[in-house]
Amino acid sequence: MLFDRQEIERLKKLTASDRRFADALIEIEQSVSMIDEDYVAQFEQNFPLWSDAGNAGDAEMFAKWSKTAYRINYLFLPLALCALVGDNHEQIDWAKRLLLAFCKTHRWVSQGRRQTPVPWESDLITGDFGAQVSLVFHMLEDYYTPEERTKIKDALWENSFLPVYKEWISPQTHIHALDTMGHNWWNVCISGAGMALLTAGPGRENYREYLEQVINALKEAFLYPGNVLQNKFPNYGPDGDFIEYTSYMLYNYSNLSLFIASLEKAEGLAPFDHLGIMDKIMDFLIMHTEFVDGGYRIPEFGDTRGRIFPRDAYTILFLAGKYQNGAAVSYFNRTLGKISTPLDMYFYPLALEPASFDDYPKAKRYNGTGFAVIRDGYADDDMFFAMKTGGAWCHSHRDTGTFVLTAAGRQFVVDSGRCTYSKPLYNGFYTTPQAHSVITVNGQGMNQRTEYHGTHTMGCFPVLLDAGEYRYLLADCTAPYADLYTRFFRHIIFTGGYIFMADDIQALQGNEDAAAEWLLQFKGNHNRTGNISTIENDGKIMHVHTLFPGDTTFTVCKGWRGEIQAKGNTKGVNSEDWINPEEEYLSVNTTLDDDCRAQYFTMFVPPGAKEVTAVQTRREGDCLVTEVENTEAKYRIIINLKANGSIMHSNSCAVCGNIETDAYLTVAAYSADGKLCRASVHNGSYLRLDGKTLYSSALKVDATIQYGDAAQFTVETAADTICSFASGTGLEQRRLTKGTNRF
């Protein structure tokens with residue numbers, strides 16, 4: 001398989017000539033330094049006994065077996081590599097004996113035992129153990145007797161491949177379907193069993209048929225369309241995005257990466273190359289990584305941890321080499337920074353030059369899974385904004401509409417993260433709406449049952465307009481709040497270094513005069529003067545202006561942040577090895593009106609943005625008007641309350657000063673001397689200034705006009721339409737196509 005004799009010889013040369021590989025070997029040697037003759041002898045004596053007793057129903061013995069099995073499974077490969085690269089015959093003997101003792105146990109299954117009414121015979125560790133044991137067996141195969149080789153192959157066949165085949169693949173006996181298990185379990189279990197098949201299957205009856213069935217089962221996961229009766233969405237979006245976000249995305253591809261590499265090496269097959277998804281995975285991961293103060297973080301949406309586990313890093317290197325993606329190498333260098341595992345050493349693409357992120361987008365939405373990112377760039381101090389809509393399924397929280405914001409190398413708006421699943425705080429806080437930057441009514445957000453049953457429809461991003469210095473994102477969060485809201489829209493505007501957020505909510509009837517809470521999870525110290533919250537994080541300051549409504553009350557509430565390892569602890573094995581730091585979050589409270597509506601309008605002034613010299617919000621007829629000034633520019637934002645769905649089957653025409661429009665949002669930017677620099681409409685069919693039409697179409701669109709030597713238009717439209725626009729010679733007509741139009 002992967003670590004054959006030729007590969008071991010290659011690694012011997014690299015560890016002797018390349019400092020990166022030499023340092024990696026030293027680190028790997030340290031990770032297995034506890035293994036000695038006594039360790040091996042005790043394992044040989046106890047491990048099979050714990051397995052037998054556990055299978056007989058002894059819960060305590062099973063717990064010992066399970067915990068030890070997890071740990072030793074990730075020690076096999078480092079120990080074998082050190083032994084072979086270092087020609088250490090004592091270590092070779094230890095590795096041989098440990099693997100052989102491991103394969104004397106029966107039923108490689110942990111979580112499946114708890115399933116009812118009939119316990120499953122396979123689960124995640126069935127696949128994981130199959131993959132790791134297969135890799136190590138091939139490394140040590142020459143050192144086993146023929147009888148020992150047969151025992152290990154039989155163990156792989158009986159404990160990994162057959163249980164997974166029976167429950168996941170076989171037409172005669174399978175119980176799992178993509179509609180019930182089509183998240184990370186599918187790939188982990190079937191790919192791991194596929195590794196066992198490649199090792200123990202050749203020479204057995206029906207080997208080729210089994211292999212074809214495994215490949216087809218994995219292909220179907222990429223094509224899965226979702227299931228309306230199960231509230232189940234597709235596993236993958238078209239742009240490499242994964243329904244369970246980044247941490248579980250890497251785990252989802254872990255055994256699959258090994259299977260693909262082994263399949264190509266052993267059988268010369270590459271059956272997944274034409275699917276057009278795996279080559280985009282790294283784009284999704286890079287897009288969702290914020291680089292802060294010399295380090296990095298990933299938004300902790302759902303159960304995602306904000307960092308990459310070293311044992312998952314090889315998947316990044318596999319994708320880099322497989323698709324010759326130099327940006328993936330740069331990403332590995334900027335995040336993990338070093339080779340630290342045997343699989344890192346195998347997959348590191350030495351001949352591939354690292355590439356910059358210059359060609360990567362700075363704004364992108366992933367409606368297949370419900371994520372969006374707006375960023376200024378990929379440097380440490382660049383602004384980074386990410387938002388989640390989507391729905392609920394395994395590893396999601398009740399958090400549709402939540403967002404994070406980083407600027408000047410500091411995180412200011414964060415996600416609370418998660419803790420060990422067995423802790424009361426997991427369901428008591430981390431999965432609740434109060435742990436996220438959303439809006440609740442009388443303390444209620446997404447219904448608790450969505451954590452298990454999912455949501456029937458996903459939230460989405462209907463509009464992303466990217467005009468360079470001006471960006472606009474519309475988040476439709478309504479669907480996952482079906483038993484609370486008839487409207488929950490978040491409009492986010494990026495202009496002049498400021499970020500504006502207009503929240504439009506309407507609760508179900510019966511919530512008249514109910515309490516609405518606009519929640520903000522922040523990082524740093526919080527102070528407030530009037531309607532301005534100041535968040536200070538390590539010397540950098542962001543101001544948050546609550547511009548509307550004016551009758552709000554502010555409350556700082558107690559919360560928690562994502563679980564971290566206890567100081568000085570290096571094990572990180574048990575839940576007690578982790579702590580949950582207490583932190584605060586902000587609640588901005590108002591009251592719903594007689595139509596169960598509320599409107600929030602908020603301005604974020606991150607560090608580096610021009611200091612605001614004046615800001616004012618007022619009501620002008622049916623409009624909310626906000627004016628913001630600094631020494632160089634003035635911004636006028638108009639929210640047309642006639643266009644918020646309160647007037648249906650009628651016109652939302654509004655006149656506000658010298659501006660006429662039917663748009664929900666209008667944004668005008670002026671220079672210090674009062675010259676119009678940019679005009680934008682969102683969900684509008686016309687914009688007139690001083691009686692002159694600047695833009696007009698039959699369809700409500702999102703459009704921005706940048707004025708300079710010549711007017712430049714960027715229009716995002718939901719369908720083909722004809723527009724009229726002001727040119728130097730008058731009104732001109734142009735046919736627009738669905739999507740982004742620039743002219």
Side-chain angles (χ1 to χ4, degrees), residues 1-11 13-14 77 80-81 84 127-128 130-142 149 152-153 156-157 160-162 164-165 168-169 186-223 236 240 252-282 314-325 328-329 342-352:
M1 266 205 187
L2 302 185
F3 291 93
D4 54 18
R5 293 181 187 176
Q6 184 177 355
E7 176 61 17
I8 295 298
E9 290 303 314
R10 184 183 80 95
L11 293 179
K13 294 177 182 178
L14 283 172
L77 190 56
L81 183 83
L84 294 173
D128 283 338
Q132 296 297 316
V133 171
S134 295
L135 286 174
V136 178
F137 170 70
H138 283 285
M139 297 172 75
L140 301 172
E141 187 172 5
D142 291 344
R149 291 176 203 152
I152 294 173
K153 287 184 177 181
L156 282 166
W157 189 256
S160 182
F161 175 70
L162 283 183
V164 171
Y165 179 77
W168 298 73
I169 302 172
W186 188 270
N187 273 0
V188 171
C189 294
I190 296 178
S191 298
M195 291 287 287
L197 176 64
L198 289 174
T199 301
R204 296 180 189 263
E205 187 178 1
N206 299 323
Y207 166 66
R208 289 290 168 190
E209 181 182 344
Y210 287 139
L211 186 59
E212 183 179 1
Q213 288 177 295
V214 167
I215 291 170
N216 288 338
L218 293 169
K219 284 182 179 178
E220 288 201 47
F222 286 100
L223 305 174
Y236 308 94
N252 173 67
Y253 288 112
S254 57
N255 287 345
L256 182 60
S257 299
L258 299 177
F259 180 66
I260 289 173
S262 300
L263 187 65
E264 190 166 344
K265 192 168 185 177
E267 301 285 348
L269 300 175
F272 304 100
D273 284 0
H274 70 284
L275 296 176
I277 292 178
M278 292 190 68
D279 58 332
K280 302 173 186 174
I281 297 167
M282 282 309 305
Y314 74 85
T315 304
I316 296 170
L317 296 175
F318 162 78
L319 293 167
K322 173 74 173 172
Y323 299 104
Q324 290 298 288
N325 186 342
V329 179
L343 289 168
D344 291 352
M345 296 173 74
Y346 179 85
F347 284 115
Y348 193 89
L350 284 166
L352 183 60

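Since we're looking at a predicted model, the values are computed, not measured.
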J.: Could you give me the CA-CA distance, side-chain angles and deciding distance for Ile215 and Phe259, then say whether side chain to side chain contact (heavy atoms under 4.5 Å, CB included) is met?
T.: CA-CA 10 Å; Ile215 291 170; Phe259 180 66; 4.3 Å; yes

J.: Are Ser257 and Leu343 side-chain neighbours, meaning at least one heavy-atom pair lies under 4.5 Å?
T.: no

J.: Does the side chain to side chain contact (heavy atoms under 4.5 Å, CB included) test come out yes or no for Glu141 and Arg149, once each step is laid out?
T.: CA-CA 7 Å; Glu141 187 172 5; Arg149 291 176 203 152; 3.9 Å; yes

J.: Above 12 or not: heavy atoms from other molecules or residues under 6.0 Å from CD of Glu212?
T.: no

J.: Set out, in order, the CA-CA distance, both residues' side-chain angles and the distance that settles side chain to side chain contact (heavy atoms under 4.5 Å, CB included) for Tyr348 and Val329, then state yes or no.
T.: CA-CA 8 Å; Tyr348 193 89; Val329 179; 3.9 Å; yes

J.: Below 6.0 angstrom between ring centroids: does that apply to Tyr314 and Tyr346?
T.: no

J.: Can you list everything that forms a salt bridge (Lys or Arg N to Asp or Glu O under 4.0 Å) with Glu220? Sequence neighbours excluded, please.
T.: none

J.: Just do the side chain to side chain contact (heavy atoms under 4.5 Å, CB included) check on Tyr236 and Leu223 with the steps written out, would you?
T.: CA-CA 8 Å; Tyr236 308 94; Leu223 305 174; over 6 Å; no

J.: Supply the atom-to-atom distance Lys280 NZ to Asn325 CG, rounded to the nearest 0.5 angstrom.
T.: 13.5 Å

J.: Could you pull out all residues at least two apart from Lys322 that satisfy salt bridge (Lys or Arg N to Asp or Glu O under 4.0 Å)?
T.: Glu264, Asp273

J.: What are the two closest non-hydrogen atoms of Ala131 and Leu258, and how far apart are they?
T.: CB-CD1, 4.3 Å

J.: Can you see which heavy atom on Thr315 is nearest to which on Ser254, and at what distance?
T.: OG1-CA, 3.7 Å

J.: Could you point out which residue of Leu11, Ile8, Asp142 forms a side chain to side chain contact (heavy atoms under 4.5 Å, CB included) with Leu84?
T.: Ile8

J.: Do other residues, nucleotides or ligands put more than 12 heavy atoms under 6.0 Å from Lys13 NZ?
T.: no

J.: What distance do Met345 atom CE and Glu7 atom CD have between them, rounded to the nearest 0.5 Å?
T.: 8.5 Å

J.: What pair of heavy atoms forms the shortest contact from Ala217 to Ile190, and how long is it?
T.: CB-CD1, 4.1 Å

J.: Report yes if the distance between the aromatic ring centroids of Tyr253 and Phe318 is under 6.0 Å, otherwise no.
T.: no

J.: Quick check for you: to the nearest 0.5 Å, what is the distance between Ile260 atom CD1 and Met278 atom CE?
T.: 3.5 Å

J.: Kindly compute the distance separating CG (Leu263) from CE (Met1), expressed to the nearest 0.5 Å.
T.: 9.0 Å

J.: So, for Ser160 and Ala193, which heavy atoms are closest and what is the spacing to 0.1 Å?
T.: OG-CA, 3.9 Å

J.: If I compare all heavy atoms of Val164 with all of Cys189, which pair ends up nearest, and what's the gap?
T.: CG1-O, 3.8 Å

J.: Once rounded to the nearest 0.5 Å, what's the spacing between atom CG of Leu77 and atom CG of Leu2?
T.: 9.5 Å

J.: Evaluate Asn255 against Asn187 for side-chain hydrogen bond (donor to acceptor under 3.5 Å, both in side chains), listing each step before the verdict.
T.: CA-CA 7 Å; Asn255 287 345; Asn187 273 0; over 6 Å; no

J.: Which atom pairs, donor and acceptor, lie under 3.5 Å between side-chain atoms of residues 198-206 and protein residues at least two apart or in another chain?
T.:
{"residue": "Thr199", "atom": "OG1", "partner": "Ser134", "partner atom": "OG", "Å": "3.2"}
{"residue": "Thr199", "atom": "OG1", "partner": "His138", "partner atom": "NE2", "Å": "3.2"}
{"residue": "Thr199", "atom": "OG1", "partner": "Met195", "partner atom": "O", "Å": "3.1"}
{"residue": "Arg204", "atom": "NE", "partner": "Ala200", "partner atom": "O", "Å": "2.5"}
{"residue": "Arg204", "atom": "NH2", "partner": "Asp154", "partner atom": "OD1", "Å": "3.0"}

J.: What I'd like to find out is whether the side chain of Asn252 reaches to under 4.5 Å of the side chain of Trp186, using heavy atoms alone.
T.: no

J.: Would you indicate whether the side-chain heavy atoms of Glu9 and Gln6 approach each other to under 4.5 Å?
T.: no

J.: If you round to the nearest 0.5 Å, how far is CG of Leu352 from CD of Gln324?
T.: 5.0 Å

J.: Parallel, tilted or perpendicular: which one describes the rings of Phe272 and Phe222, with boundaries at 30° and 60°?
T.: tilted

